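A short worksheet on the structure shown next.
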Amino acid sequence: MAAPDDSEDQDALYVLTAALLTPARFPAALGDDYPESCAALGLEPYPGGYGLVIGQDSDGARWTVVVDDVSLVAVAIASWDCGMEYDLSPGERTVVSVLPGWPLDLAVAAPGLPAPHDPAPEPEPSRDDSGQDGPTAGTALRLPLAPPDTGTWGPPQRRLGADEIALHWTQWRDRTEAEDAEATGTAKRSEVAKEPEVTQDSEATGTAQGADAPGESSENGSPSPVEISHPGVRRVLGELRAYLHSDTAPPLGRVRSGFAPDGARMLRADGPGWSFVARTDDMAFVLLDEEPGEVLPVGRGSELPPLLKALDAMAVRPA
């Protein structure tokens with residue numbers, strides 16, 4: 001992106017990044033599901049989703065432009081991920097809302113502009129008699145968006161951790177197999193198996209805990225536990241089974257299915273106090289709010305495959 005000059009439009013937004021906010025793909029730091037993530041930005045959970053264009057104005061102030069042209073934002077993100085340039089310039093008619101601040105933590109800034117900072121608070125838009133949005137004197141101030149706190153363990157970091165496991169599945173899978181190999185031949189495997197913690201910057205800095213007693217290995221090498229002994233894991237699996245019933249169906253986006261190699265699917269699910277990540281042809285991992293920094297492996301066994309199949313059938317998928 002070129003540095004701006006004084007001749008450019010003072011209202012221009014210098015785009016730094018973008019994100020999708022859809023039922024199948026939304027920033028994990030914002031919520032357990034799509035409606036909760038929309039609520040964090042004061043948006044209605046429109047089924048078609050939104051694109052978030054994040055940048056700075058000519059004064060360096062942080063702004064987030066919400067657009068309904070999801071395809072345009074998706075193309076931009078895919079291009080940037082491939083190392084290609086893409087000029088993301090949504091049309092005015094696609095703009096749903098312009099929000100002060102950033103909902104996500106960014107470590108970048110536009111060159112040639114003042115350091116990123118929040119704009120001054122402005123009045124909340126209100127409805128006039130015609131039903132149109134407009135500022136009204138004396139209304140409450142709209143505070144800038146701010147990223148969720150991921151410095152300490154809690155729901156945002158827990159969800160980000162689950163996303164990182166999905167992104168680096170092979171590495172986590174190899175660590176689990178190494179643990180099982182070390183446990184072979186012992187009288188009793190400790191229920192606590194140490195694994196690195198997943199943090200927002202993708203670095204392994206903590207510990208992880210095992211959830212299952214070991215049994216014979218399955219065909220793909222996944223541990224086949226005799227019994228799931230961790231009460232938190234049992235609770236999560238019970239809530240996942242409840243998601244399959246129409247009278248206890250979860251909010252939109254609680255269960256998401258993404259691409260995985262070899263024809264498998266990568267499942268991500270969240271619930272009150274927990275996150276779940278699994279491959280449909282392999283095992284699963286659980287993260288809990290009450291277990292800071294711990295990652296609990298769930299062996300495939302005989303009960304996990306039908307659960308994963310049913311979850312994949314009801315999950316939302318990227319368009």
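FYI, side chains are in, hydrogens and waters are out, and symmetry mates aren't considered; it's all heavy atoms of this structure. In this text, all values refer to a predicted model and were calculated from it rather than measured experimentally.
- No path of Ile, Leu, Val, Met, Phe, Trp and Tyr side chains, each step under 4.5 Å between heavy atoms, connects Leu143 with Val98, placing them in separate hydrophobic clusters.
- Taking 4.0 Å as the cut-off between side-chain N and carboxylate O, Arg158 and Glu291 do not count as a salt-bridged pair.
- Counting heavy atoms from C-beta on, the side chains of Val316 and Val255 never come closer than 4.5 Å.
- Note on Asp270 versus Arg256: salt bridge recorded, some NZ/NE/NH1/NH2 to OD/OE distance being below 4.0 Å.
- Counting only heavy atoms from C-beta outward, the side chains of Tyr50 and Leu41 never approach each other to under 4.5 Å.
- The CG atom of Leu52 sits 10.0 Å away from the OG1 atom of Thr17 when rounded to the nearest 0.5 Å.
- In the displayed structure, Glu44 atom CD is contacted under 6.0 Å by at most 12 heavy atoms of other residues, nucleotides or ligands.
- Grouping the Ile, Leu, Val, Met, Phe, Trp and Tyr side chains by contacts below 4.5 angstrom, directly or via other members, places Val75 with Val73.
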Exercise for the section: Go through the steps to decide whether Asp282 and Arg173 satisfy the test salt bridge (charged side-chain N to carboxylate O under 4.0 Å, His left out), and finish with yes or no. Expected result: CA-CA 9 Å; Asp282 200 357; Arg173 190 66 179 77; 2.7 Å; yes
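- With hydrogens and angles disregarded, no donor-acceptor distance shorter than 3.5 Å links the side chain of Arg265 to the backbone of Asp312.
- The only member of Asp33, Asp289, Asp32 that meets salt bridge (charged side-chain N to carboxylate O under 4.0 Å, His left out) when paired with Arg159 is Asp32.
- Of the possible donor and acceptor atoms, none in the side chain of His168 sits under 3.5 Å from a partner among the backbone N and O of Ala166.
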Exercise for the section: Tell me, with the steps shown, if Phe285 and Trp169 meet ring pair (Phe, Tyr, Trp, His ring centres under 6.0 Å). Expected result: CA-CA 10 Å; Phe285 295 94; Trp169 181 266; 5.3 Å; yes
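- Here CG of Leu30 is found 5.5 Å from CG of Leu104. Values are rounded to the nearest 0.5 Å.
- At a cut-off of 3.5 Å, with distance as the only test, no side-chain donor of Thr94 or Asp68 sits close to an acceptor on the other residue.
- Interatomic distance, CH2 of Trp63 versus CD1 of Ile54, reported as 14.0 Å (0.5 Å rounding).
- Leu304 approaches Gly299 most closely through the heavy-atom pair CD2-O, 3.8 Å.
- For the atom pair Leu13 CG and Arg62 CZ, the distance stands at 13.5 Å (nearest 0.5 Å).
- Residue Thr280 holds its OG1 atom at 8.5 Å from CE of Met266, rounded to the nearest 0.5 Å.
- Taking the side chain as every heavy atom from C-beta outward, Glu36 and Leu252 never approach each other to under 4.5 Å.
- Checked by atom type and distance alone, the side chain of Thr176 pairs as donor or acceptor with a backbone atom of Trp172 at under 3.5 Å.
- Note that NZ of Lys309 is 15.5 Å distant from CE of Met314, once rounded to the nearest 0.5 Å.
- Between the Tyr34 side chain and the Tyr46 main chain, a donor and an acceptor come within less than 3.5 Å of each other.
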